[in-house]
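Have a look at the structure below, then the notes.
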Number of protein chains: 2
Amino acid sequence: MKDDKTEDQILDAAEKIFQRKGMDGARMQEIANEAGINKAMLHYYYRTKRFLFEAVFSKAFSLIAPEINRVVNDDTELFEKIRKFTHSYIDFIQKHPYLPNFIIQELNRDSDFIKILQEKKGFPDFRNFRAQVEKEVRDGNIRPIKAEQLFIHLLSLNIFPFLAAPLFKGFLKLDDKTYKAMMEERKEEISDLLIKYLKNE
Amino acid sequence: MKDDKTEDQILDAAEKIFQRKGMDGARMQEIANEAGINKAMLHYYYRTKRFLFEAVFSKAFSLIAPEINRVVNDDTELFEKIRKFTHSYIDFIQKHPYLPNFIIQELNRDSDFIKILQEKKGFPDFRNFRAQVEKEVRDGNIRPIKAEQLFIHLLSLNIFPFLAAPLFKGFLKLDDKTYKAMMEERKEEISDLLIKYLKNE
DNA sequence: GTCTATAGAAGGATAGAC
DNA sequence: GTCTATCCTTCTATAGAC
């Protein structure tokens, strides 16, 4: 079982609170309440707030990393890859709506976090994707483009609409339901945009 | 002069601190130090931390709003508009690097903020842009696309790379200088992507 | 391992002199 | 308007009983 042990109950509770409120906004007491456990236990298992936070952050990142690796470390054909990533990422994020904001926010808050993550195994390695894009360009299958720019396009188009959901809902005057439906539509929209552009079609 | 009055000195200092650390991470003492002034003055002029924060947030939003209005409330021809927005937004953000993260973060933290902003004059009105895109589609000048999706594409491609700069620098193993150069390149990359797609060219 | 109680520090806010 | 001093609450963290 996942929640057998107090340590895991704490981590689950901390996840909820930290992802909603961030490192600075979260309170140890709140996490303890959420875990249905005493505040002293948090320190017993994780020593400090910072260590607990880092455990949560690492776990969050290890959820995202495989998604990224589907792009950079996978030998699917390029268009298929774009299509699959876009579809699966948007499904993934519907399940973890707080994740992108949490990651982005804390990386901007503490610039050392990314260095810690880079050391870990499973950290996405971009080289395969670069090679793949360069080959497609060389073979004349796609319009000339830098792999980095395509990668940034792909992630921006997929991630930002969730990060900026309150903003877009405000601008476009959409309710939650309509906005969610629009995110579903984007699976096709994004694939279509990138693939037709690359194919020069 | 801008900094004649204490009230403005405080607002400037608060801007710096809040934009770097957010509402929860910022300390009144830190803002006072930054302003070279006493902590009691902050309360004298702005009563509470929250009011001071709201003043900063409103000002930040009033800096971004005109940028958005260049897209939604301006009768420039569509392709020209995409090109101009992309170029000017990327310049704008190099001058205010903390702004997008600040806005997004606080809108996610407090979902009521957007409602307050919607009331204010100058809040972007999407209707003109929708009409413009619909007309271009009807006239057969561009590929069929919903105005909302195009709007989200445009903002995502422009804003996210700054928001996620630490992440992309980590993934792509780029230093600040190289990344900045890449953001310059994106002015053309983004325009090219959207316009060629729309023109079906 | 788990709890209660509390230390110790920090932060927002105010009183009151000038 | 501006400052110093201080109140009071909140928060992280630990001590110590069971």
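Reminder, nothing fancy here: chain letters follow the sequence lines and each chain counts from 1.
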task = Would you indicate what A:Tyr46 reaches in the nucleic acid, counting non-hydrogen atoms under 4.0 angstrom: base, sugar-phosphate, or nothing?
result = nothing

ask   = Taking OP1 and OP2 of C:dA13, is either one under 4.0 Å from a side-chain nitrogen or oxygen of B:Arg47?
value = no

ask   = Has B:Thr6 got a side-chain N or O lying under 4.0 Å from the OP1 or OP2 atom of D:dT2?
value = yes

task = Would you indicate, yes or no, if D:dT10 has its OP1 or OP2 atom less than 4.0 angstrom from a side-chain nitrogen or oxygen of A:Arg27?
result = no

query = Quick one: is C:dT14 close enough that its OP1 or OP2 comes under 4.0 Å of any side-chain N or O from B:Tyr44?
reply = no

query = Under 4.0 angstrom, heavy atoms only, what part of the nucleic acid is A:Ala32 near: base, sugar-phosphate, or nothing?
reply = nothing

Polar side-chain atom of B:Gln118 near backbone of A:Gly170 as donor-acceptor pair, under 3.5 Å = yes

query = Rounded to whole angstroms, how far apart are NZ on B:Lys49 and C1' on D:dT9?
reply = 14 Å

message = Salt bridge or not between A:Lys135 and A:Asp139? Use side-chain N to carboxylate O under 4.0 Å.
response = yes

key: Value in whole Å for how far the C1' atom of D:dT12 lies from CG of B:Asp24   = 16 Å

query = Reckon A:His43 has a side-chain N or O less than 4.0 Å from the OP1 or OP2 of D:dT14?
reply = no

For A:Phe102, the option from A:Phe162, A:Phe57, A:Phe18, A:Phe113 that meets ring pair (Phe, Tyr, Trp, His ring centres under 6.0 Å) = A:Phe57

ask   = For the pair made of CE in A:Met41 and C1' in C:dC3, what is the distance, rounded to whole Å?
value = 9 Å

ask   = Rounding to a whole Å, what distance do you find between B:Ile31:CD1 and C:dA10:C1'?
value = 15 Å

inquiry  = Output the rounded distance in Å from CD (B:Gln9) to C1' (D:dT2).
reply    = 12 Å

query = According to the interplanar angle, ranging from 0 to 90°, do the rings of B:Phe171 and A:Phe61 count as parallel (below 30°), tilted (30 to 60°) or perpendicular (above 60°)?
reply = tilted

message = Tell me whether the side-chain N or O atoms of B:Lys39 pair up with the base of C:dG12 as donor and acceptor below 3.5 Å, since no angle test is needed here.
response = yes

Expected output: side-chain B:Gln105 to main-chain B:Gly22 donor-acceptor under 3.5 Å = no

remark   = Which of C:dG11, D:dG1, C:dA15 is nearest the side chain of B:Tyr45? It is D:dG1

ask   = C:dG11 C1' sits how many Å from B:Asn33 CG, rounded?
value = 13 Å

request  = Can you tell me the distance, in whole Å, between the CG atom of B:Asn38 and the P atom of C:dC18?
outcome  = 17 Å

query = Atom NZ of B:Lys5 and atom P of D:dT2: how far apart are they, to the nearest Å?
reply = 11 Å

